Number of protein chains: 2
Amino acid sequence: MSSAPQYQKLQQKLKSQILSGMYTDGDLLPSENELSRTHSLNRVTVRHALSVLEQEGYITKRQGKGSVVQLKRNSLGLLSFKGFTEVVGSAQHTVKTQILYGPQSLNWPAPFFYELNGSESEAGCIYLERLRFADEDAVMLEHTYIPDLDLPAFSSRKLINDSLFATLALQYGVEIMNMEQDVRAVLADPSVAEKLMMEPGSPLIHLYRKYGTNRGNFYIYSSIYCNTQKYAMGSFIS
Amino acid sequence: MSSAPQYQKLQQKLKSQILSGMYTDGDLLPSENELSRTHSLNRVTVRHALSVLEQEGYITKRQGKGSVVQLKRNSLGLLSFKGFTEVVGSAQHTVKTQILYGPQSLNWPAPFFYELNGSESEAGCIYLERLRFADEDAVMLEHTYIPDLDLPAFSSRKLINDSLFATLALQYGVEIMNMEQDVRAVLADPSVAEKLMMEPGSPLIHLYRKYGTNRGNFYIYSSIYCNTQKYAMGSFIS
DNA sequence: GAGTGGTCTAGACCACCTG
DNA sequence: AGGTGGTCTAGACCACTCG
């Protein structure tokens, strides 16, 4: 693993520190010159690491000021690929996650909404059903499917900061690298409507998501229903 | 204007060449070394320009190969901030745009869905209503609002490649830099349903969009309805 | 083997912010 | 004035792709 480039090591180290709470929203990271000194790296390399973090939305840079940690987004930025807790958790919205089922190992549902490769099919699947609240309103019902590959004792873990992504990163070294999703508008069927505490037949956003990770063939899958009657799903792309 | 950094000038030059059709999907851009020679820039600076293009989704890089122009996305990638024609236009989908109204100058609707600043309010607004087809199916109804600021004769122009963004870039030097959107699920009201040729009460995705540009206080606004019954809206984020 | 992008260094000047 | 990020150069070695 020492083959990973220096900028990536630094980026993931800083990301871990942010996710673990060592730096929180609004904090300044050490300056580029200081990171350069303490890690014996050229400033260009440090800048490369920071630019990746900036792209991922963990920091913003301000000239003359520094690199500012940024864990929140405007409104409910659920189209970006950061986890729910990191995106929505902020002073503006109080966030709660209720686990309705799991995490538990079981067989993959068939048919599955994305095509699985051989090793994924052979390994079981860890299933997780969570209901997300913003300001006491149920806004999101998420079904998550994780291949049971090299994740010892995952089912019995407690999620760090209630965040699946933070847990995977800190406990198993799994970093989310990208995300692909299909978005549709659907009408709530009775069972989904009941969990989201809304009328059957109301409009919902439905997402199929496939997250790519730093492990080559390891993906995480989600099917997500979002109630947008009170909160829109916001996103900012640059 | 010579104050713009070198990497930005190069990036916008390449972007213009891509948008104007000088390079099309799958073409290779000149190599980094060649761009470095022909523009008398260091390779690091060239790489900076290319990395911005890559972030914007106009190219992908392949080691040992080169920088490949990429104008299409998987399925209907309408959550990224490239224009409809650039994203959806590909071998897989035939694309058509029908202008239902405008472009025409008029007053801003009140209330407007985003807050306008002073100069935007004073200038009129150029309004445009377009219906988008993928494979002969109406999939998108877009209402676009552009502040009438320093855009001479815009109403009488023909759109280049049927693309609003390409026209703004090539004719007026306006580059789209970022995008912010709110996403909701709604039920089709009769007038929207009729234009999208669907049943009233069907579920639709509704987007409010605000595009930022390279002109500091110049934004473009859109309200968009998407029929996702046949085509999902896909997106890939990394 | 020649060319491509990927990583990295050492040093420089600038624009911006804050005490 | 001193520190911060923003831009840029000249050179180097590596990993990958292709003929």
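Chain letters run A, B, ... following the sequence lines, proteins first, then strands; residues in each count from 1. Since we're looking at a predicted model, the values are computed, not measured.
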Could you go over nucleotides 8-11 of chain D and give all protein N or O partners under 3.5 Å, atom names and distances?
from   : atom 1 : to      : atom 2 : distance (Å)
D:dC8  : OP1    : B:Gln6  : N      : 2.4
D:dC8  : OP2    : B:Gln6  : N      : 3.4
D:dC8  : OP2    : B:Tyr7  : N      : 3.2
D:dT9  : OP2    : B:Asn42 : N      : 2.8
D:dT9  : OP2    : B:Thr45 : OG1    : 2.7
D:dA10 : N7     : B:Asn42 : ND2    : 2.5

Nearest-neighbour nucleotide for the A:Asn33 side chain, D:dT4, D:dG6, C:dG6 considered: D:dT4
Side chain A:Trp108, main chain A:Ala123, donor-acceptor under 3.5 Å: yes
Gap between atoms CG and C1', on B:Leu53 and C:dG5 respectively (whole Å): 15 Å
B:Ser36 side chain vs B:Leu41 backbone, donor-acceptor pair below 3.5 Å: yes
Phosphate OP1/OP2 of D:dG3: any A:Ser31 side-chain N/O under 4.0 Å: no
Check: A:Glu120/A:Tyr114 side-chain N/O donor and acceptor closer than 3.5 Å: no
Whether A:Phe113 and A:Tyr208 hold their rings parallel, tilted or perpendicular, with breakpoints at 30° and 60°: parallel
Phosphate OP1/OP2 of C:dG6 contacted by B:Arg47 side-chain N/O (<4.0 Å): yes
Nearest-neighbour nucleotide for the B:Gln63 side chain, D:dC16, C:dT4, D:dG5 considered: D:dC16
Gap between atoms CD and P, on A:Gln11 and C:dT7 respectively (whole Å): 12 Å
A:Tyr145-A:Tyr127 aromatic ring centre distance below 6.0 Å: yes
Of all pairs that satisfy ring pair (Phe, Tyr, Trp, His ring centres under 6.0 Å), the ones with a partner from residues 30-51 of chain B, not counting sequence neighbours: B:Tyr7-B:His48
N/O (side chain, B:Lys61) to phosphate O (OP1/OP2, C:dG6) under 4.0 Å: yes
Under 4.0 angstrom between A:Ser67 side-chain N/O and D:dT4 OP1 or OP2: no
Length of the CD-C1' vector between B:Glu32 and C:dT7, whole Å: 12 Å
B:Lys65, nearest nucleotide to its side chain (from D:dC18, D:dG6, C:dG5): D:dC18
